[in-house]
Protein chains: 2
Amino acid sequence: MSVVRTMSTQPSPVESRRIADAVRAQILAGDLPPGARIKQDEIAAELRASRLPVREALRILESSGLVVLKANSGAWVAEMTLADLRMSYTVRERIEPLLLLDSLPRLDEADVARLHELQERIEEAADVEHFLVLDREFHWLTYSRHSSPQLAQIVARLWDTTQHYRRTFAAMAGSQGSWTIQAEHRLLVDAIERRDGETAESVLALHIRRTSVELSRHPEIFTAGR
Amino acid sequence: MSVVRTMSTQPSPVESRRIADAVRAQILAGDLPPGARIKQDEIAAELRASRLPVREALRILESSGLVVLKANSGAWVAEMTLADLRMSYTVRERIEPLLLLDSLPRLDEADVARLHELQERIEEAADVEHFLVLDREFHWLTYSRHSSPQLAQIVARLWDTTQHYRRTFAAMAGSQGSWTIQAEHRLLVDAIERRDGETAESVLALHIRRTSVELSRHPEIFTAGR
DNA sequence: TAACGTTCGAATGGATCCATTCGCAAGAAA
DNA sequence: TTTCTTGCGAATGGATCCATTCGAACGTTA
């Protein structure tokens with residue numbers, strides 16, 4: 001019995017981490033929207049584990065800001081207010097350029113080529129889900145050569161906690177077709193290709209700020225699924 | 001038996017959270033320096049709990065960046081490099097002014113009076129520990145009326161993970177006697193008192209940046225206790 | 001009929017027990 | 001003498017069992 005389990009998890013990524021990743025993936029995919037109840041038993045049965053590592057995983061996700069725990073009561077996917085979302089974008093506007101500046105000098109030709117390819121695919125993206133996946137891959141590729149796991153983690157958590165609202169916004173406003181995003185992305189790739197850190201920094205800050213402004217114009221994002 | 005435990009923890013703050021707070025306090029106090037091994041058994045015995053909530057607490061602290069876990073091996077207090085420390089300060093320089101701007105309009109006269117009092121006590125601080133406690137209280141009072149738990153948590157974690165190195169620096173450079181810090185604090189209180197957000201923002205950014213520069217001049221901080 | 005209290009059930013929290021793994025030390029061989 | 005191997009022990013990881021708590025539904029009373 002235990003042999004089977006040991007064999008199934010070859011590199012042994014520790015159950016609690018495996019489960020935390022799985023639940024996080026479900027939340028990011030939209031399967032568990034903000035406000036959704038998370039039952040330990042269900043997760044445990046679903047991922048073939050006991051409730052113990054599930055509990056540890058929930059503590060991890062709570063620290064990440066994705067989940068809210070209430071003592072002796074249960075776990076729910078964290079919800080945000082419009083003010084929370086706007087603050088997230090304000091913080092992102094100030095720190096993501098830092099991450100980009102840190103990563104930029106080490107991006108090589110292959111990375112830049114891949115950025116061009118991703119951007120073309122983003123412009124051709126047919127639906128919201130493809131746009132979200134490609135956009136995430138695009139920006140994280142620009143950050144991929146960073147040297148600061150701490151900063152990268154902060155940024156990643158800001159992306160994670162706002163993912164659901166970005167999806168809702170994209171679905172409502174049809175933002176994958178927004179020409180402004182495409183223009184900003186092209187300016188960003190161009191600056192990166194020229195290793196022009198200052199311009200890249202400015203474009204990225206603009207990109208985030210403008211998105212934040214657009215989001216603020218759609219407060220109905222928060223009442224969509226009610 | 002279980003009755004005794006129930007009675008002892010009156011508001012029932014959940015064991016894992018109580019333990020996480022306790023271990024965090026030990027790390028911040030310097031009792032557990034970076035690199036120190038953390039054994040589950042010892043913590044459990046010390047805090048009169050089983051190993052289970054200790055494990056959960058360690059997962060929480062790992063997510064906070066204070067502890068590093070290695071599968072099937074153990075837990076250690078997280079260590080930083082000089083590059084990590086500098087990046088922490090760069091991030092702080094960009095986001096702490098945001099937290100201050102958010103909090104400033106709601107600071108009342110009593111808060112300002114307390115800031116004056118704290119600043120006087122900081123200038124009279126005799127030793128490093130007093131300086132650290134008072135300085136932390138001073139700055140967090142300026143943030144206390146914030147409306148963004150997310151941002152406050154990010155900032156708090158940056159303070160936590162760098163606490164040990166700030167202590168080491170203060171002890172080596174005798175920074176509690178630095179007149180520059182006192183000048184910056186006074187400028188900050190003055191701007192806050194006048195509700196001058198722009199000036200307060202600039203002074204705080206300067207305060208953090210200058211501290212970062214000073215820290216960078218003392219790389220021996222990282223080899224002090226070796 | 002509405003509001004309050006009580007009871008029961010389901011879900012979470014914690015403790016103990018067992019399996020697994022990693023590191024260290026001792027010993028043997030080159 | 002140095003290096004590789006092997007075995008033992010200690011510490012972590014996971015599963016099951018039991019206690020506790022919160023919430024909802026039902027019944028009672030004003």
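Here is how names work: the chains are called A, B, and so on, in the same order as the sequence lines, proteins then strands, and each is numbered from 1.
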Salt bridge (Lys or Arg N to Asp or Glu O under 4.0 Å) pairs, two or more places apart, involving residues 63-78 of chain A: none
Between the two end axes of the helix from dT1(C)-dA30(D) to dA30(C)-dT1(D), each built from 5 base pairs, what angle do you get to the nearest 10°? 20°
Arg86(B): which residues meet the salt bridge (Lys or Arg N to Asp or Glu O under 4.0 Å) condition with it, sequence neighbours left out? none
Rounded to whole Å, how long is the line connecting atom CD1 of Ile43(A) with atom P of dG14(D)? 17 Å
Identify, with sequence neighbours excluded, every residue that meets side-chain contact (heavy atoms from CB on, under 4.5 Å) alongside Arg106(B). Asp102(B), Arg145(B), Ser147(B)
Quick one: list whatever passes side chain to side chain donor-acceptor pair (under 3.5 Å) with Gln163(B), sequence neighbours left out. Arg136(B), Arg166(B)
Rounded to the nearest angstrom, tell me the gap between atom CG in Leu69(B) and atom C1' in dG13(D). 12 Å
dC18(D) P sits how many Å from Leu52(A) CG, rounded? 17 Å
Suppose we screen for side-chain contact (heavy atoms from CB on, under 4.5 Å). Which residues come up paired with Ala156(B), at least two apart in sequence or across chains? Trp140(B)
Validation: residues 30-43 of chain B side-chain donor-acceptor distances under 3.5 Å, sequence neighbours left out:
from: Arg37(B); atom 1: NH2; to: Ser73(B); atom 2: O; distance (Å): 3.0
from: Gln40(B); atom 1: OE1; to: Arg51(B); atom 2: NE; distance (Å): 3.0
from: Gln40(B); atom 1: OE1; to: Arg51(B); atom 2: NH2; distance (Å): 3.4

May I ask you to decide if the ring planes of His207(B) and His139(B) are parallel, tilted or perpendicular, using 30° and 60° as cut-offs? parallel
Identify all pairs in which a protein N or O lies below 3.5 Å from an N or O of nucleotides 5-12 of chain C, and state each distance.
from: dA11(C); atom 1: OP1; to: Lys39(A); atom 2: NZ; distance (Å): 3.4
from: dA11(C); atom 1: O3'; to: Arg37(A); atom 2: NH2; distance (Å): 3.4
from: dT12(C); atom 1: OP1; to: Gln40(A); atom 2: N; distance (Å): 3.3

For Arg157(B), the salt bridge (Lys or Arg N to Asp or Glu O under 4.0 Å) test, sequence neighbours excluded, returns none
Whole angstrom is fine here: how far is it from CD in Glu15(A) over to P in dT21(C)? 13 Å
